[in-house]
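Since the structure is predicted, the reported quantities are computational estimates derived from the model, not experimental observations. First the proteins, then the strands, lettered A, B, ... as listed; each starts at 1.
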Amino acid sequence: MTTLAGGRPWRLARGRSGFALLVALYGALVAACLLSLAGAGELSLGRNPWDNLLKTVGEFARPSFLDVWFGPERLEYRSDDGTLLRVEDRRQVEADFLAALGRATWVTFQIATLGSLLAALLALPLACAVARNLRAPRPLALAAKAVLDVARAVHTLVFGLILVGIVGLGPTAGVLAIALHSMGTYGKLFAESIESLDMAAVDAVRATGAGEAQVFFHGVWPSVLPQFVGHHLYVWEFNIRDSTILGLIGAGGLGLLISEAVSLFQWSRLATLLLVVVALVMSFDALSRRIREALR
Amino acid sequence: MTAAVQLDDVQVAAAGRVLLQLPRLRIEPGERVAIVGPNGAGKSTLLRLMAGLPPAPRAQVRGVVQVLGRRLAPAPLPAAQRRALRRETGVLMQGLHLVPRLSARENVLVGALGRLQGIQAWRSLLRWYPQALVAEADAALATLGLTDQAGVRADRLSGGERQKVALARMQLQQPRLLLADEPTSALDPAATAQVCAALVAAASGPGRTLVTVVHDLELLPRLATRVIGLADGRPVWDLPVAELNPLTLQALYARPPAGPAAAAAGLPPPTARLARA
């Protein structure tokens, strides 16, 4: 229980009664949140949640891509008095949507791939500076750690919003946003791999009179490379998921279609989009697991 | 002529305990010296001191340590000189592992890194070595009976095989001073003979010096021409291997630990024959 106390000033959390006090504090905090929301009248489920739920689920259960084969070839839109407003070939419309979806998926994949690679390249020297066992000069290590911490603390979407203002709408902003945020993640993971290294082997290479670059490429690099590849695949997969959101702020890709479908309440199209996202992430996960196993 | 190793009034202490106390020790180039003594006598500490490694965690070193004409202690060497000295000093000890994911051959070639100059040193970063060097590495592995294991990753070798690869790595380094801490500890008799022969061969060039910490006393005639007996961090005797007799050795290992208890028992001070000038 004493570990809950953390730093020395927090003596109030000592012992069993201290833990009970912490639990009570937490309960009070949750109650305060609930009460203030309820007091402002924000804790409601809307006017007819049940009907909305059934409608949404119903539309989700019939993803839009099915219309390519089963949709009506001639869907007539009429006004209330019966005049024909518009005729739509559902099959053609959804086939066009699928084509757009394919292009958007490719853009999302491009953003994730290029962003991850850029992030890994940026993070590598920073991780070497941060890893304690490589003994980089202390000011350099602190500066690198600060850069990585900031990068990790700021969300990809926030980087995206800033970058859209700088480089304009489009995938470039997405690539850079992914790169800047993931750099922090990579830096931490890479530095941890380096710190878990067998330093006895590194010392042995150094003891032969090898130069620092030789020590790095013979003692450090071969041992950490498989871990780096594993981390890279993991963050890459993560970024595929992240970059589907980036379209929401105009950085291109699937997110644009998602935000469109949400604003137009086209749940069946959203269902199609989510199926694509899930399939993309799952297939990439399966692939990366194979690669990681092969590298062990 | 500069000594291969010269220690003057050296004292190594860690955690309030004196690990090593050497008034004077001089090892000439071309000598083959073995260090013997019971556990905790300071043998490895002495070897690490000569290798320029920290002799023990948070150890304090007093006195003058000179290796191959360079002064290691009391003041630390500048980085460039330290690297030059490391290149000339081959170290074989338990704290220096193979790189686990490199093959046996690549681990052996690591020994030659310091020998490479200019463009070859840059190429070595990509593990691209001159043909002659690769042939040299294969030959070194072959003499140790490891031809078939040359392509095997170091973390898949047995303990004895790793020890041999580490020795081959030191051979490729072509050091002037060879320091080996129990080089045959994990080996069967046949491998022990191979390793001893390889060690002596590596140390047989002109001006090459071999210092070994030995536990298997039967190896002394093969590995050494001069034997230093250590106990409790102090040299007890320093004899040519020919003058060594079993009784001297037995007495060294039978010595009770020195300290207040021994002093109180009124034991005579060890008859020491130090540093043949």
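- Neither the backbone nor the side chain of B:Arg82 comes within less than 4.5 Å of any heavy atom of chain A.
- Shortest non-hydrogen contact noted between B:His97 and A:Ala204 is O-CB, 3.2 Å.
- Within 6.0 Å of the CZ atom in A:Arg290, the count of heavy atoms belonging to other residues, nucleotides or ligands does not exceed 12.
- With hydrogens and angles disregarded, a donor-acceptor distance shorter than 3.5 Å links the side chain of B:Arg83 to the backbone of A:Gly209.
- In this structure, chain A has heavy atoms under 4.5 Å from both the backbone and the side chain of B:Ala121.
- The shortest heavy-atom contact between A:Ala201 and B:Val99 is CB-CA, 4.0 Å.
- The closest side-chain heavy-atom distance from B:Leu125 to A:Gln214 is below 4.5 Å.
- Put simply, of A:Asp203, A:Val220, A:Leu225, A:Thr208, the one with the most heavy-atom pairs under 4.5 Å next to chain B is A:Thr208.
- Residue A:Phe216 qualifies as enclosed at atom CZ: its count of foreign heavy atoms under 6.0 Å is above 12.
- Taking 4.5 Å as the limit, some side-chain heavy atom of A:Pro222 sits within range of a side-chain heavy atom of B:Arg127.
- If you tally non-hydrogen atom pairs under 4.5 Å between each of B:Val110, B:Leu53, B:Leu98, B:Leu85 and chain A, the highest count goes to B:Val110.
- Contact count versus chain A (heavy atoms, under 4.5 Å) is highest, among B:Ala166, B:Ser124, B:Gly114, for B:Ser124.
- In this structure, the side chain to side chain contact (heavy atoms under 4.5 Å, CB included) partners of A:Val215, at least two apart in sequence or on a different chain, are A:Val202, A:Val205, A:Arg206, A:Ala210.
- In this structure, B:Gln81 places its CD atom where more than 12 heavy-atom neighbours from other residues, nucleotides or ligands lie under 6.0 Å away.
- Crowding of A:Phe284 atom CZ: a count of heavy atoms from other residues, nucleotides or ligands under 6.0 Å exceeding 12.
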Mind running side chain to side chain contact (heavy atoms under 4.5 Å, CB included) on A:His218 and B:Leu113 for me, showing each step along the way?
-> CA-CA 9 Å; A:His218 289 83; B:Leu113 286 177; 3.5 Å; yes

